[in-house]
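Everything on this sheet refers to the single structure shown next.
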Amino acid sequence: MATTTHSKARRSAAGPDPTPDTTAPDNATRLELYRLQVELRSFEKRAYDLFLQNLVKGTSHLSLGQEAIAAAFGVAMRSDDYTFATYRGHAHTLARGVPMGPVLAELLGRANGLMAGKGGSMHLTSVEHGVMGSYAIIGAHLPIACGAAWSAQYRDSGQVAVAFFGDGTTNIGAFHEALNFAVIWKLPVVFVCENNLWMEYTRTTTITAVEHPAADRASAYGLEPVLVDGNDADAMHHAAVAALSRARAGEGPSMIEALTYRQGGHSRADPGKYRPQQEVDEWLARDPLPRYRARLLDAGVPVAELEAIEEAARQAVERATEEAKAGALPGPELVLTDVWADGGSSWRN
Amino acid sequence: MATTTHSKARRSAAGPDPTPDTTAPDNATRLELYRLQVELRSFEKRAYDLFLQNLVKGTSHLSLGQEAIAAAFGVAMRSDDYTFATYRGHAHTLARGVPMGPVLAELLGRANGLMAGKGGSMHLTSVEHGVMGSYAIIGAHLPIACGAAWSAQYRDSGQVAVAFFGDGTTNIGAFHEALNFAVIWKLPVVFVCENNLWMEYTRTTTITAVEHPAADRASAYGLEPVLVDGNDADAMHHAAVAALSRARAGEGPSMIEALTYRQGGHSRADPGKYRPQQEVDEWLARDPLPRYRARLLDAGVPVAELEAIEEAARQAVERATEEAKAGALPGPELVLTDVWADGGSSWRN
Amino acid sequence: MAELTYREAIARGIAQEMRRDRNVLLLGEDVAEAGGVFKGTVGLLDEFGPVRVRDTPISEQAILGAAMGAAMTGLVPIAEIMFSDFFAVCWDIVVNEIAKSRYMTNGQVSFPLVIRAGNGGGLRFGAQHSQSVENWAMAVPGLKVVVPSNPRDVVGLMAAAVRDPDPVIFLEQKALYSTKGEVPDGEIVDTLGSAKVLRQGGDATIVTLGTMVPRSLAAAEQLALAGVDCTVVDVRSLVPLDTRTILAAVSATGRLFTVEENPRLCGWGAELVSIATEECFFDLDGPPVRITTPHIPLPAADTLEDLAIPSVERIAATVQKAMEK
Amino acid sequence: MAELTYREAIARGIAQEMRRDRNVLLLGEDVAEAGGVFKGTVGLLDEFGPVRVRDTPISEQAILGAAMGAAMTGLVPIAEIMFSDFFAVCWDIVVNEIAKSRYMTNGQVSFPLVIRAGNGGGLRFGAQHSQSVENWAMAVPGLKVVVPSNPRDVVGLMAAAVRDPDPVIFLEQKALYSTKGEVPDGEIVDTLGSAKVLRQGGDATIVTLGTMVPRSLAAAEQLALAGVDCTVVDVRSLVPLDTRTILAAVSATGRLFTVEENPRLCGWGAELVSIATEECFFDLDGPPVRITTPHIPLPAADTLEDLAIPSVERIAATVQKAMEK
Ligand SMILES: Cc1ncc(C[n+]2csc(CCOP(=O)(O)OP(=O)(O)O)c2C)c(N)n1
Ligand SMILES: Cc1ncc(C[n+]2csc(CCOP(=O)(O)OP(=O)(O)O)c2C)c(N)n1
Ligand SMILES: [Mg+2]
Ligand SMILES: [Mg+2]
C-alpha cells in the first residue's frame, strides 16, 4: 500500500518529491480539499490574531502550513471514523466538520466553547463528529487510538481510528508500544506522523537516530514505510484513502510520514527564530495552498469558483469570531461538574 | 561489527546456526568460559533445590540454559565495566566475580546476604564488582544503563555499560527510548537481548510484530542487526568482544540478540508446562554446557582439567550453601536504614 | 453458599459480568492461556474465548490505552496490570488521560472500565513488587478506588466496578489471594462507596482496608481481652468514600485509629484523620493515631517485611498504649 | 543585592552550582539552545558548553534513566521534566528506581541528582499542563521534595538540592516564573528541611507552599484588618519536613489552616493536619481546616481556573469564617 518505497524515501530526503506518483482525485474531491485547506488556513490566521489581541488565554498551537494533511484525511475519512489529535489539533477538529464558532469560543475560554472552556485549545473534542479528543501529553493518544480501533474491530463496525502526531513524538515509549500493539492485533488504525522537522525549539534529526523518524521505523513493526509530500493535498488524499481502505478491509494498521513544515512558531507568539531563514523560505515556497490553487487552475477550474470558496471561508471566520466573542464567560456552576458520569464531582457521601 | 548479517538472521530462524563463523578464543579463555558456565549452572541448580526446600522466600528466576551469555560477557568485560541485570540476574551477578555465598544468602533472606536481605533475589547488586543492580520492572534498566554509559563518556573512563534483558522486554516503551537515546549520544553501552522465546507464560512471537524482537528492530535506531547463538559460549564471547571494543573505541552502542532457551520455568517452582515438550527437548539437545565440554575435549583439553573445574564448582556451591544457611536472620535495626545517604530514613526533624 | 479463595472469587466476579454483558472484555499479560500469574483469571479464556479474553505484550501503556479507547467507544474493558507497582510505567494513561478526559471534554466521553492490579506486600517480593498504591490513586481526581478484603466482597465489588460508568481502580491484595471465605451463590452486586462495620465496640474505632482488615479484626480480639472494645470498619472503597458510616463510628467512640499498609506520608489514613478532625473535632476524646508501614521502600527478607508492615501485635500494642494515655 | 525574576533565579542557582562542580550536568528537552521553554536555563549553554548542557529527545524515561545512571556513577545531574504533569510518563524511574535503589542495595548506591519540573496552575494550560504534584512525590519513600516560593529561595534551595546526596524533586511554580524578588549577591546555599515563618500572628497559623505563599500572605493582611492576626509559614521543603518549626507555630496559636494548590485528597495538608492533631491535639482550640483546590482536574478557561485554585479571597474568607465559630 506504500505510495512511496523506502529507497524513494531515502531519495526524497532532499525534500518532498515535486511530482508525486499519485492518481489525482476527481474534481469534486479536489474542490473539497481546497475548500477545507482554505478554511483551516483562514481559521488559524484568525486564531493567531486573537492570540496577539490577548483574547486566547493560555496557549495555542497552529497548523499553518500543515493544512493539506488534515484536509486530506477530513475528506477521505468516513463520517463515523475516529480522529485522535494532539494539542496542535484545530485543523484536525475542523476537518471533521466541527463548526468554527465553538472551536474559536473554546480558545477564548467562553461558555459557548466546544467544551464550555473546560478543555481549552489543547483538548478539542467533538464526539458527535468523531473527534475523540486532542491530547497534550506526547504520544499518549497513540495507544488510545488503538483502543478505539480495537472497539471497532470487536463491534465489526468498519470504523477506522486515525491518530495524528509529530516527528518528535516518535521517540517516546508510547509510540513504540502502540505500533507493536496495533500490528499484532491487526487493528484498523492509521498513524499519521506530521514531520514538520521541529519539536518545540529543537530540530528532530538532532535527537533522533534515523533520518525519517516514522518511515525508517516502520519495518520494526513489520509495516511498509510510507513517505508522502504532506504539502500536497492530492498525494496526502491518495495515501489516506489507501491506508483507510486497508484498515477497513481488515488488513491492519498503516503508518504514514507526511513531510511538511509549520510556517509559524511552536505555540503562542513564538516567532520561530531558531530556524534558519533559508529553510523557512524554502518551505514557504512549498506552501500547500497557493500550490494547490495553481494546480486547480491548471486543471481548468474557473478562478471564480476558487474565489467563491475563499470568500465563503473569510465570511465563516468572521461569523465564528463574532459568535465566539459574543460568548459569555463560563460560570462557577461548571467547575464541579462532569468529573463523573453522574455529572458531578463528589467523592464522598 | 555484526557477527551475523540480517539475511543470515532470517535464515537462522529455524534455530541457531550450529557452526558459527567465529574465530575461537584462546585456550585459557575457553577454560575460563567453561569454568564460569559450570559455576553458574551449579549455582542455579542449588538455588532451585533450596527454593523447593522453601528456604528461598519470595521468588527467584533462574538462568538454567542461558549460562553461556552471562559467562561470555563475564569473561569479556573489563573489571570496571558496568553490568545492569534483571530479576533473572543470578548468573550475570556471579559472572562478574561476586562470590556465591552472599548471593545465595540474599536469596535466603539472611543478614550475610549481598544486600543483607533488603533487596532479595530480583535486585542483586554489587557495586564493587561493577554489578550496578538487578532491576525488576521490565525495561527500566535500559535507560539507566545509558546513564552509566553517559557518565563513563563524560569522565572519559573507557568503561562500558552492558544491559541484559529478555525478548518480551523489547515491547515496552523504555526499550525504545533507551535505544534511540544511546545512539544519538553515541554512548558506550551494549544491549544484550536474551531471546529465550518466552515471556512469563506467553510466547513472545505471539505478541510481537517481528520475528526477532531485537535484531529486527536494530535498523529503527540505525544499528546493525546482530543475531548470535546464545548457547555457544565462543560465539557469544566473539560478539561480546566486538561490541565492547566498539563501545570503548567511542563508536557507540550495539544491540545483540542472543538466541537461547530457559530450561526451567519462569520463576519459583513453575514447571513450564505451557511449552511443547518437543521444543523443550530440542533446546535441551542444544544445552550450552555439554556442547562446550565436547568442543573443549575435541580441541584436546584433557578431561581431567574439565573434571577439576566441575569438582571445584561443586565444592564452591557446597561452601556457599553452608555459608548462606549459617547466616543470621536480618535484625530489626536494618528496617529503617539506608533510605537516605546519611544511612537513615527520617523524613522530619 | 460456596467457600472460595480470594483468587477464585476474582474469576467468579469477572465471569458473572462477562456473562451479563458481551461488551465486557478482559485484557492483560498472561491473563488468557495462563489464567493470570496469580491465577485470578483461570477458566475465563475457555468460557469466553480468545476474542474477549486476550493476552497482551509487556506494554502497560498500550494495555491501558486500549482499555481507554475501547471504553470511550462502547465497550467495558477490564484491564489487568499484573502488580500495582507497574502503574508507574503507565501512570500517564491512568491519571492524565482516563481520569481527566471526561472533565476536559465537558462530559462528552465517559470511561466504564476497570483496572485490576495485584497490590501490597507480604509475599517477600521486594520493593518493586510489594507496594500499596491505594493512596497514589486516591490522590488523583477522576478515579474511583476499591480494595476488597474478602472473597465475597471481591465478587460484589467487581460487579459494582464493572457496572459503574466511571473508571475504577480495583486493587487485589496479593497477601489475600489464597485466603478463603464463604461466597453466596447466584449474582452478587455490591455498591461502591459503602464501608462495612465488621465489629462493634464502645471504646475506639479502627478504620482499615484490604490486607489490614483481618489483622485489625484479630488485633481487636486481643484488645477486647485487654479491656479495650473496638469498632472495626472496613473502608472497602476509598473513592467514593463512605464518610457517613466512618464518621458515625468515630463519633460514637471518640477515638480514631487508622491502619494502613501504604507508607506513612499522604496515605488515606491522613485524609481520614483530617476529615474526622475537621468534622468531628468536638467528638474526639483523644488524638487520632495512624498505624502505617514506615516511610520506606519494602525490604524483601521475610523477617524484615514482617517488621515493616503493620502486624496484629503492632496494631494491638499501639491502640492499647494510646488508650492508656 | 539584585532584583531577579523567579525564572532568572533558576539559571542563577544552576550556574552557581555548575561553576562549583564540573560534575554537575544539565539535561532536558529544549534546555540548551532554547534556554528552556520557560526560559529558566537561559545562558547556561553559552557558559558551560554543549557537553554539560544537553538537549534530549522527547523521552522522559530516558532523561531520568540517564540522570539516575549518571548519579550512581559519580556525576550530579540536574534533569528537567518540562511540566510536572509529565512525571506520569516517567514515574517508574522516579518512584521504583531512583527512590528505592539505595534501600534495596543496602546503601551501595546513592543518587545525588535533582529533577526540576514546572509545577502548578494559573497559566490556563488546562488539566494536563497545570497539575500540582507535590503530594505525588511526598507519598513516595526515598524522594526529597522542595518547592521554592520566591527568587531568593530558588537559588538557595537549588544549591541545597544539588549538594544533597539524595534525589531531590525540585518543583518550580509556573505561576511564579515572572515574579520578582531581591536576591543577595554572591553564593547562596540554603538547607533542605527548613520552613520559614514569614509573618507572626497570635490568632491562627496558616501553613502554605509555593504559589499559595504570596496568596496566603495577602490573605493574612486582609484578615489582620478584619481582626484576625495570622502566622504564615512557608513549608518550602515537604521532605525533609520541618515539623519543629511548623508544630511550634501551630501550638502557639492553637489554630491550623493549610493552604494547598494540589487537589483535595491525600495532599500534604492532610499529612500536616494528621501530624498536628496526633502531636498537638491538646494545644488545638478548634478544628484544623484545609483550603485546597477541589478534587477535580483543572479547567482551562481563566475564569474557571481562578475559581478552582485557592484565591486570596477564598483563603481569607475561609479563615475568617472558621475563626468566628
Ligand atoms: C510527554 C511530554 N513531553 C513533553 C511535552 C512538551 N511538548 C509539547 S509539544 C512538544 C514538541 C512535539 O514535537 P512534535 O512531536 O514534532 O510535534 P509538533 O509540535 O511539531 O507538531 C513537546 C516537547 C509534552 N507535551 N508531553
Ligand atoms: C513493567 C513490567 N511489566 C510486567 C512485569 C512482569 N514480568 C516479569 S518478568 C516478565 C516476562 C519478561 O519476559 P522477557 O523479557 O522475555 O524476559 P525473561 O523472563 O524471559 O528473561 C513479566 C511480564 C514486570 N516485571 N514489569
Ligand atoms: Mg514536529
Ligand atoms: Mg524471554
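Given the structure is predicted, the values throughout are model-derived calculations rather than measurements.
The choice from C:C280, C:P263, C:A88, C:A322 that makes the most heavy-atom pairs within less than 4.5 Å of chain D is C:A88. The greatest number of non-hydrogen atom pairs below 4.5 Å with chain D, out of C:V133, C:L238, C:V140, C:L241, is found for C:V140. Ranked by non-hydrogen atom pairs under 4.5 Å with chain D, the options C:I275, C:V94, C:L284, C:L298 are led by C:L284. Across C:G269, C:G286, C:G126, the residue that shares the most heavy-atom pairs under 4.5 angstrom with chain D is C:G286. Between chain C and the residues D:C90, D:A270, D:P294, D:A127, the most heavy-atom pairs under 4.5 angstrom are made by D:A270.
With a 4.5 angstrom heavy-atom cutoff, C:A99 touches chain D only via backbone atoms. At a 4.5 Å heavy-atom cutoff, the contact between C:V239 and chain D is made by side-chain atoms alone. C:P288 touches chain D through backbone and side chain together, each having a heavy atom under 4.5 Å away. The part of C:M104 that comes within reach of chain D is its side chain, from C-beta onward, which places non-hydrogen atoms under 4.5 angstrom from that chain. Using a 4.5 Å cut-off between heavy atoms, C:I93 does not touch chain D at all. With a threshold of 4.5 angstrom between heavy atoms, D:P299 approaches chain C through its backbone and through its side chain. For a residue to count as touching a neighbouring chain, one of its non-hydrogen atoms must lie under 4.5 Å from one of that chain's; by this rule C:F282 touches chain D with the side chain only. Residue contact with chain D, scored on non-hydrogen atoms closer than 4.5 Å, is absent for C:L272.
Between D:P141 and C:P297, the shortest heavy-atom contact is CB-N, 3.8 Å.
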Check every N and O of chain C against chain D and note each donor-acceptor pair under 3.5 Å, with its distance.
unit_1 : atom_1 : unit_2 : atom_2 : d
C:D85  : O      : D:N96  : ND2    : 3.1
C:A88  : O      : D:D92  : N      : 3.1
C:D92  : N      : D:A88  : O      : 3.1
C:N96  : O      : D:Q128 : NE2    : 2.8
C:N96  : OD1    : D:Q131 : NE2    : 2.7
C:N96  : ND2    : D:D85  : O      : 3.1
C:E97  : OE1    : D:Q128 : NE2    : 2.8
C:E97  : OE2    : D:Q128 : NE2    : 3.4
C:K100 : NZ     : D:Q131 : OE1    : 2.8
C:Q128 : NE2    : D:N96  : O      : 2.8
C:Q128 : NE2    : D:E97  : OE1    : 2.8
C:Q128 : NE2    : D:E97  : OE2    : 3.4
C:Q131 : OE1    : D:K100 : NZ     : 2.9
C:Q131 : NE2    : D:N96  : OD1    : 2.7
C:M138 : O      : D:H295 : NE2    : 3.2
C:C266 : N      : D:E271 : OE1    : 2.8
C:A270 : O      : D:S274 : OG     : 3.1
C:E271 : OE1    : D:C266 : N      : 2.8
C:E271 : OE1    : D:R290 : NH1    : 2.9
C:E271 : OE2    : D:R290 : NH1    : 3.3
C:E271 : OE2    : D:R290 : NH2    : 2.8
C:S274 : OG     : D:A270 : O      : 3.1
C:R290 : NH1    : D:E271 : OE1    : 2.9
C:R290 : NH1    : D:E271 : OE2    : 3.3
C:R290 : NH2    : D:E271 : OE2    : 2.8
C:H295 : NE2    : D:M138 : O      : 3.2

